[in-house]
*Asks:* 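First the structure, which I've put down as structure tokens, then a few questions once you've had a look.
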Amino acid sequence: MKKKTILERWHCEEFVESVRPFIEAISAGHAVIRDADFAGLEVGPFAVIKELERSSLYGSHLENVNLSYANIHNLSNSILSRVNFSKATLERCSMFS
């Protein structure tokens, strides 16, 4: 999938509604997300989805998640397993093992 197509799907109401439970989990904090394609997701001040503008993935548990082309604000203290960050932008994300 091309970058433009990946980013445009977050403007599609049908697609956003299909991932609504995950969006709500991220907004609530400390999300647990498995087996999801979130390529192009924006979490933080520049998020396309209003609920995610003041959110972060801080303290989340992500397993088998595609975050390619994503723009993520604060991923610290998270548990990550098989996460694709290809061409993603990570802001305020400290990674220690």
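In what follows, every heavy atom counts, from backbone to side chain, and hydrogens, waters and symmetry copies are set aside.
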*Asks:* Distance from Glu13 atom CD to Ser18 atom OG, nearest 0.5 Å?
*Replies:* 11.5 Å
*Asks:* Is the number of heavy atoms from other residues, nucleotides or ligands within 6.0 Å of CD (Glu17) greater than 12?
*Replies:* yes
*Asks:* Atom CZ of residue position Arg82 - does it have more than 12 heavy atoms of other residues, nucleotides or ligands inside 6.0 Å?
*Replies:* yes
*Asks:* Can you hop from Val19 to Leu7 via hydrophobic side chains spaced under 4.5 Å?
*Replies:* no
*Asks:* Checking one residue: Met1. Which other hydrophobic residues are in its cluster under the side-chain 4.5 Å linking rule?
*Replies:* Ile6, Tyr69
*Asks:* Given the rule that I, L, V, M, F, W and Y join up when any side-chain heavy atoms are under 4.5 Å apart, are Val43 and Val16 in one cluster?
*Replies:* yes
*Asks:* With sequence neighbours left out, what residues match Glu53 under side-chain hydrogen bond (donor to acceptor under 3.5 Å, both in side chains)?
*Replies:* none
*Asks:* Just how far is it from atom CG of Asn64 to atom CG of Asn84, taken to the nearest 0.5 Å?
*Replies:* 10.0 Å
*Asks:* Of all residues at least two apart in sequence or in a different chain, which pass the side-chain hydrogen bond (donor to acceptor under 3.5 Å, both in side chains) check with Glu14?
*Replies:* none
*Asks:* Could you check if a side-chain atom of Glu42 sits within less than 4.5 angstrom of a side-chain atom of Leu52, using non-hydrogen atoms only?
*Replies:* no
*Asks:* Quick check: closest heavy atoms across Ser55 and Ser27, and the distance to 0.1 Å?
*Replies:* OG-CA, 3.5 Å
*Asks:* Spell out, yes or no, whether Ile23 and Val48 are grouped together once hydrophobic residues are joined by side-chain heavy atoms under 4.5 Å, including indirect joins.
*Replies:* no
*Asks:* Could you point out which residue of Val65, Leu75, Leu80, Leu90 forms a side-chain contact (heavy atoms from CB on, under 4.5 Å) with Leu57?
*Replies:* Leu75
*Asks:* Who passes side-chain hydrogen bond (donor to acceptor under 3.5 Å, both in side chains) against Tyr58, sequence neighbours left out?
*Replies:* Asn77
*Asks:* Trp10 side chain to Phe15 main-chain N or O, any donor-acceptor pair under 3.5 Å?
*Replies:* no
*Asks:* With no hydrogens and no angle check, is any side-chain donor or acceptor of Ser78 less than 3.5 Å from a backbone partner on Ser60?
*Replies:* yes
*Asks:* Looking only at heavy atoms, what is the nearest atom pair of Leu67 and Ala88, with distance?
*Replies:* O-CB, 3.4 Å
*Asks:* Can you name the ring pair (Phe, Tyr, Trp, His ring centres under 6.0 Å) partners of Phe22, sequence neighbours left out?
*Replies:* Phe38
*Asks:* With sequence neighbours excluded, tell me which residues meet side-chain hydrogen bond (donor to acceptor under 3.5 Å, both in side chains) with Asp37.
*Replies:* Arg9, Asn66
